[in-house]
Amino acid sequence: MEENLLKTCLYDKHVALGALMSPFGGFIMPIQYTNITDEHNAVRQRAGMFDVSHMGEIFVSGPDADKFVNHIFSNDIRGMEDGKILYGMMLYPNGTTVDDLLVYKEFEPNSYLLVVNASNIAKDYEWLCAQKEGYDVTVVNESDNWGQIALQGPEAEKYAVETLGLAKAAELGFYTYCNFTTCHFDQAERVEKSCRMIVSRTGYTGEDGFEIYAPHSVINEMWDTLLAAGVAPCGLGCRDTLRFEAGLPLYGHELSDEITPLEAGLGMFAKVKDKEEFIGRDALVEQKQAGLTRKSVGIELQDKAIPRAGYPVEVDGVQVGVVTTGYRSISTDRSVCVALVDKAYTELGTNVEIRIRKKVFPGIVTKRRFYETNYKK
Amino acid sequence: MAKTVEGLYYSESHEWVKVEGNVAVIGITDFAQHAMGDLSYVDMPEVDDELEAGEEFGAVESVKAASDLFTPVTGKVVEINEALEDAPELLNEDAFANWIMKVEMSDPSELEGLMDAAAYEAMCANE
């Protein structure tokens, strides 16, 4: 099993830093360098950087690319300006989720970058190829060629501009991006070549920040530069506590091939009303008309016990749902979770219980966002 | 390096036992607290709980994970360390000075199945 795990281009840096390494999404990834709490707080209070080179980059272009992406994507890309980014899902015809992803509108017509979850790269690529019949498009999986660093936190802009010299990054609005041209050494041809770097004002922490995509050697240099400037290297451990507090879903937990975006409470990213057609739309319309049977909610416990994924949610001793992610929230010091529960128990303020090992603990249904996000612009 | 204390009994699931008459004082080892990282919660049993050797009696939790605790001896819980409710980090600071529960043993011969410090250290070296 272990030997089949993929390494990102920054693998050696993580090992040299003494990171605790663990499998995630088919890759061997850093979970923490120091401890999750300190890394979490570094991102909330200053700046942290994550190796997210495991994420997938799939490019879609060709005369029918506008039509095709709108067909496979739940959000509405019509009228999207160049340099804009949209979050949304690819759905199966039954409305459940293939993956959640970012769609980048490129600075030329009929051209998009799809950024997908590491664990779903192969599945997504096959899915896209299977759907493109009748569309004049080219789908290219370039995931192996791109590294990615997520630079996150209130001081992210300062480091992007002053340390990395990306002055243009400061002008970026939330969910927009720009291209830079930089140089890297082409190992195959043994020459310096110019290459593309993508900088977007996006992230997965609830803080301001950037996601920077570039060839492996550029990402390696950038990692060293940021590290030397004092940016905290942060592992996937705190990436999960941060995204969870900010109410952001994780595929395999809040979304899956058994969960629709409506059930996950992400209906605003599935444009059932605005769009006449996309894969999965009919199923969502039907689910809306019939009424949801279950929905994702937040639950706060009064006790310090920690709800975790898979624990049952109960009312009067009967299971009415299941926890999808839960923590003792680092930024708010409360025991909270997101859970998928029967519709009858989803009103804010509803009393429920969570079974943790042998005991049940009382909780109250809350919003799914436990921390006020600090996005810029 | 994780430390051990001479004169205690050790379980394969990383609990230690200190014998005081017919009472077993039980905690987690330094190796265990080290492997878990910063602890944020200790799930403790109730006083008067009747436990069978090998039975789960609670858990210690870090940010990332919960790790179940198993009692090395059979008996009745006579006291729990309430200080851990508000300060689970005490286990990180000194895992041997901060016990979790005290059990009135019904079969002290069970202690013979546990390890001494040297045997426990050897086991940890292989993990």
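Within every chain, numbering begins at 1; the chains are lettered A, B, ... in the order of the sequence lines, protein sequences first and strands thereafter. Side chains are part of it too, since the values below use all heavy atoms of this structure and drop only hydrogens, waters and symmetry mates. Remember, it's a predicted structure, so these values are computed and weren't measured experimentally.
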Think K102(B) forms a cation-pi with W99(B), using NZ or CZ under 6.0 Å from the six-ring centre and within 45 degrees of its axis?
yes
Using non-hydrogen atoms only, which part of E85(B) is less than 4.5 Å away from chain A: side chain, backbone, both, or neither?
backbone
Is it the backbone or the side chain of D68(B) that comes under 4.5 Å from a heavy atom of chain A, or both, or neither?
side chain
Assess the residue pair R328(A) and Y41(B) against the criterion (side-chain contact (heavy atoms from CB on, under 4.5 Å)); give the C-alpha distance rounded to whole Å, side-chain angles, the decisive distance to 0.1 Å, and a yes or no.
CA-CA 9 Å; R328(A) 181 79 191 170; Y41(B) 181 68; over 6 Å; no
For chain A, which of A66(B), G37(B), S40(B), S62(B) has the most heavy-atom pairs under 4.5 Å?
A66(B)
Near-ring test H253(A)/F244(A), centroid separation under 6.0 angstrom:
no
Chain B contact via D240(A) - side chain, backbone, both or neither, heavy atoms under 4.5 Å
neither
Quick one: do the [X] and [Y] side chains pair a donor with an acceptor below 3.5 Å?
X       : Y       : result
T34(A)  : Q32(A)  : no
N117(A) : D100(A) : yes
E89(B)  : N92(B)  : no

Quick check for you: to the nearest 0.5 Å, what is the distance between F27(A) atom CZ and M55(A) atom CE?
10.5 Å
Residue-level interface, residues 357-365 of chain A with chain B, non-hydrogen cut-off under 4.5 Å:
R357(A), K358(A), K359(A), F361(A)
Interface residues of residues 305-322 of chain A facing chain B - non-hydrogen atoms under 4.5 Å apart:
A305(A), I306(A), R308(A), Y311(A)
Checking L51(B), V77(B), I100(B) against T71(B) for side chain to side chain contact (heavy atoms under 4.5 Å, CB included), the one that qualifies is L51(B)
Less than 4.0 angstrom from a charged side-chain N to a carboxylate O is my criterion; do E104(B) and K76(B) meet it?
no
Take T324(A) and E254(A) through the test side chain to side chain donor-acceptor pair (under 3.5 Å) and record every step on the way to the result.
CA-CA 6 Å; T324(A) 54; E254(A) 284 69 41; 2.8 Å; yes
Would you say the side-chain atoms of D30(B) pair up with the backbone N or O of K3(B), donor to acceptor, closer than 3.5 Å?
yes
